[in-house]
Amino acid sequence: MTVLKHDPSETELWRDGVRTEMRVSALNGAYQLCIFEQWCDKGLGAPIHEHAVEEVLEVIGGTAEIWLDDETMIVTANQSVLIPRGAMHGFKNIGDDILHVRATLAAAVFEASYDDRAELSRRYSPKA
């Protein structure tokens, strides 16, 4: 059994106004899960993108507007959205407080294809 110690001081800036803490990934022994938390300033979040695996996006605090394919929904604390693999999605903070979300992906390495970029974003992959 492995106990993972999470250090909130190990957040990184993914985009301006969006801080991320990777909690579980291939880097600390996961084989099929990637779990990370994000704190997003007002008006900020994640641009339209897709993953090759399912994702659960859970709002821990604040209010998010989440886009899933052609649908838009307002999601608040203690609510989650199941995002099917290959579905275009994104979110932003529409409240006055910091938006705190937890994302769980069914892969140990974070990969995303963004609508406005040609490259695949890949993070937390163990070195070969």
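Because the structure is predicted, anything quoted here is derived from the model rather than measured.
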**Request:** Output, in order, the C-alpha distance, side-chain angles, deciding distance and verdict of side chain to side chain contact (heavy atoms under 4.5 Å, CB included) for Phe36 and Thr104.
**Result:** CA-CA 7 Å; Phe36 59 94; Thr104 302; over 6 Å; no
**Asked** Ser113 and Glu50: side-chain donor and acceptor closer than 3.5 Å?
**Response**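 No pair is found: no donor N or O on one side chain lies under 3.5 Å from an acceptor on the other.
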Would you call [X] and [Y] a salt bridge, taking side-chain N to carboxylate O under 4.0 Å as the test?
X: Glu21; Y: Arg23; result: yes
X: Arg102; Y: Glu58; result: yes
X: Lys42; Y: Asp97; result: no

Linking I/L/V/M/F/W/Y whenever their side-chain heavy atoms sit closer than 4.5 Å, directly or via other members, would [X] and [Y] fall into one cluster?
X: Val18; Y: Val81; answer: no
X: Leu68; Y: Leu99; answer: yes
X: Phe91; Y: Ile98; answer: no
X: Val101; Y: Trp39; answer: no
X: Val59; Y: Ile94; answer: no

If I take atom [atom1] from residue [X] and atom [atom2] from residue [Y], how far apart are they, to the nearest 0.5 angstrom?
X: Ile74; Y: Thr63; atom1: CD1; atom2: OG1; value: 8.0 Å
X: Leu82; Y: Leu57; atom1: CG; atom2: CG; value: 10.5 Å
X: Met73; Y: Glu65; atom1: CE; atom2: CD; value: 10.0 Å
X: Leu105; Y: Ile83; atom1: CG; atom2: CD1; value: 8.5 Å

So, for [X] and [Y], which heavy atoms are closest and what is the spacing to 0.1 Å?
X: Gly45; Y: Arg15; value: O-NH2, 2.8 Å
X: Val53; Y: Ala106; value: CG1-O, 3.6 Å
X: Val109; Y: Ala26; value: CG2-CB, 3.9 Å
X: Gly61; Y: Ala77; value: CA-CB, 4.2 Å
X: Glu55; Y: Ala103; value: OE2-CB, 3.3 Å
X: Ala108; Y: Ala30; value: CB-O, 3.3 Å

**Residue list, ring-ring contact (aromatic ring centres under 6.0 Å, His included) with His51, at least two apart or on another chain** =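 ring-ring contact (aromatic ring centres under 6.0 Å, His included) check on His51 returns His49, His89, Phe110.
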**Residues in ring-ring contact (aromatic ring centres under 6.0 Å, His included) contact with Trp67, at least two apart in sequence or another chain** =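 In terms of ring-ring contact (aromatic ring centres under 6.0 Å, His included), with neighbours along the sequence ignored, Trp67 is linked to no residue.
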**Asked** Should Glu54 and Val56 count as side-chain neighbours, where that means a heavy-atom distance under 4.5 Å?
**Response**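 No - every pair of side-chain heavy atoms lies 4.5 Å or more apart.
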**Message:** Within the 4.5 Å heavy-atom criterion, are Cys40 and Arg19 side-chain neighbours or not?
**Reply:**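 Cys40 does not reach Arg19 side chain to side chain.
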**Message:** Keeping Asp69 on the side-chain end and Ala87 on the backbone end, is there a donor-acceptor pair under 3.5 Å?
**Reply:**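 Judged by distance alone, no pair lies under 3.5 Å.
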**Request:** From the options Thr11, Asn93, Thr20, select the one residue that forms a side chain to side chain donor-acceptor pair (under 3.5 Å) with Gln38.
**Result:**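 One option only clears the test, and that one is Thr20.
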